[in-house]
Amino acid sequence: MPSTAAAAAAAEMEPEPDHTKPSTSAAAAGHRKHLAMLERLSKRAAAAAPAPSQDSPVAAFLSRFAAAKLAAESALSACRSSPDDAQPSLSAAAAAIDDLDRLVAEASHSLPPYELRSALAAASDLRAAHRLAASDLRPKKSFSFRNKNKAPKNPPQDPPPTLPPPPDQPNPSVEAILPGLGFRGRRDATLVKDLRVSDEKDGDFTLADLVSCQVYLKGKCRALHVHKLKDCRVFVGAVFGSVLIEDVERCAFVMAAHQIRIHEATATDFYLRVRSRPIIEDCCGVRFAPHALKYEGIGEDLRDAGLEEETGNWANVDDFKWLRAVQSPNWCLVPEEERLQTIDISDVQEREDDN
């Protein structure tokens, strides 16, 4: 009996088998399988995802701009090194510089201010170099009169007859400076042009030497040149290139364009839709507001010109003569209570009549 009791006590003291170890091992194995599956899925997704582009839009623009700039510089260099083939090289340089202007106009809405200024300055320098090269190719008139100032070996006894002074040379006309379709030299007139039915549609248009005129341009044009306007109101549909405005005073402009540059404007309001930031230089008292023009078919004109989207750049003005970090005193926004309401020119018919 004692031995039986001792055996029973020993049996009670033996540890029970650990049934939890197999279940814990199975859980760890399942966890490892789950992690492995996640890793495989991650690698598969990474392999299927497209590789990120190495070039940003700015880097891509700078690369294309550098190539076009090199082409222009090479053509200008060829003008100087090969005078016999200078004219074709001059034409090639002009085409390359036009490519530069187009590249800047297309990318200006996405370029940082510094890159935009640098690109515009480079294009302007090349344009000036092209003009200089073109002037060097023109024959110099002074060469044909080289011997006229030499004193004759046997001067006549009688004094030569007195010749009348040469007539004053007229200043170059506005047409010579800014050629192409347009309105020039008008006062107190209402000037209307529908570019959609013009024989020269999608070309350049010029407004020059206008005083107290109302100008309405429906449709779209490639570029707009504005020179010397005073007390005028100008309404333009769509410009799928650039607008250059110089020497305007007490005017109002309502227009849409890819690029707008304004020089020497005073007390003038601009109601704009523009892809890039408007640029002002040597301006005073200019104000900006959103686009406010409509006519039948303007939506199609804006779409064709790539201007259907409102970018808000009308309020992001770059003053190239104000380099400080604070707001330029030369421009501001038109207060909302003073802004023009949307102007409908659908019923304005084409004419060129004096008031």
Side-chain angles (χ1 to χ4, degrees), residues 98 101-102 105-106 173-246 248 251-262 269-276 278 290-311 314 340-355:
D98 289 340
D101 289 336
R102 185 175 64 254
E106 291 174 352
S173 63
V174 175
E175 288 81 357
I177 300 173
L178 298 172
L181 189 67
F183 297 128
R184 303 172 176 86
R186 305 299 299 274
R187 177 185 291 269
D188 298 320
T190 299
L191 310 171
V192 186
K193 188 70 176 178
D194 193 337
L195 300 171
R196 297 168 295 186
V197 297
S198 171
D199 294 336
E200 302 181 43
K201 63 181 179 179
D202 295 349
D204 292 7
F205 202 90
T206 294
L207 303 175
D209 287 329
L210 304 180
V211 179
S212 300
C213 291
Q214 304 280 331
V215 181
Y216 303 90
L217 301 180
K218 299 179 184 179
K220 59 185 186 297
C221 60
R222 180 176 58 199
L224 178 66
H225 308 280
V226 180
H227 177 72
K228 204 171 183 180
L229 270 61
K230 183 180 292 186
D231 298 314
C232 293
R233 289 161 61 93
V234 178
F235 306 92
V236 181
V239 181
F240 56 85
S242 61
V243 176
L244 177 60
I245 300 174
E246 297 180 301
V248 297
C251 295
F253 292 88
V254 185
M255 60 178 59
H258 278 253
Q259 184 182 33
I260 298 177
R261 301 184 66 178
I262 305 165
D269 291 345
F270 297 91
Y271 292 78
L272 306 179
R273 175 178 293 182
V274 58
R275 288 288 302 275
S276 61
H291 189 251
L293 180 67
K294 72 174 183 178
Y295 57 81
E296 186 176 354
I298 190 174
E300 181 179 355
D301 291 336
L302 293 174
R303 283 193 301 273
D304 291 345
L307 295 167
E308 69 276 15
E309 180 183 355
E310 174 56 73
T311 64
W314 59 269
L340 295 175
Q341 300 300 314
T342 300
I343 298 171
D344 190 347
I345 62 172
S346 299
D347 295 333
V348 179
Q349 300 300 315
E350 183 169 352
R351 69 179 189 272
E352 188 176 345
D353 299 333
D354 292 340
N355 288 340

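Numbers here simply count residues along the sequence, with the first being 1.
- Under a 4.0 Å N-O distance rule, the pair Asp204/Arg222 qualifies as a salt bridge.
- Dense packing is recorded around CD of Glu308, with more than 12 heavy atoms of other residues, nucleotides or ligands lying under 6.0 Å away.
- Taken to the nearest 0.5 Å, the CZ atom of Phe183 stands 5.0 Å off from the CG atom of Leu191.
- Between Asp347 and Tyr295, the side chains place no donor N or O within less than 3.5 Å of an acceptor N or O (distance only, hydrogens not considered).
- Residues Leu181 and Lys193 are in side-chain contact: their nearest non-hydrogen atoms beyond the backbone lie under 4.5 Å apart.
- Every residue was checked against the side-chain hydrogen bond (donor to acceptor under 3.5 Å, both in side chains) condition with Asp304, not counting sequence neighbours, and none meets it.
- In this structure, Glu310 places its CD atom where more than 12 heavy-atom neighbours from other residues, nucleotides or ligands lie under 6.0 Å away.
- Looking at Cys232 and Val215, their side chains never come closer than 4.5 Å, going by heavy atoms from C-beta outward.
- Applying the side-chain contact (heavy atoms from CB on, under 4.5 Å) test to Ala256 and every residue at least two apart in sequence or in another chain returns Arg273, His291, Leu302, Leu307.
- The shortest side-chain heavy-atom distance between Val211 and Asp188 does not fall under the 4.5 Å cut-off.
- In this structure a side-chain-to-backbone donor-acceptor pair under 3.5 Å is missing from Thr206 to Gly182.
- The aromatic rings of Phe270 and Phe253 sit parallel, their planes meeting at an angle under 30°, below the 60° perpendicular limit.
- Shortest non-hydrogen contact noted between Arg275 and Gly306 is NH1-O, 3.3 Å.
- Asp269 pairs by the side-chain contact (heavy atoms from CB on, under 4.5 Å) definition with Tyr271, Arg287, Val334, not counting sequence neighbours.
- Lys294 places no side-chain N or O within donor-acceptor distance of the main-chain N or O of Ser346, the cut-off being under 3.5 Å.
- Between the Arg196 side chain and the Asp301 main chain, no donor and acceptor come within less than 3.5 Å of each other.
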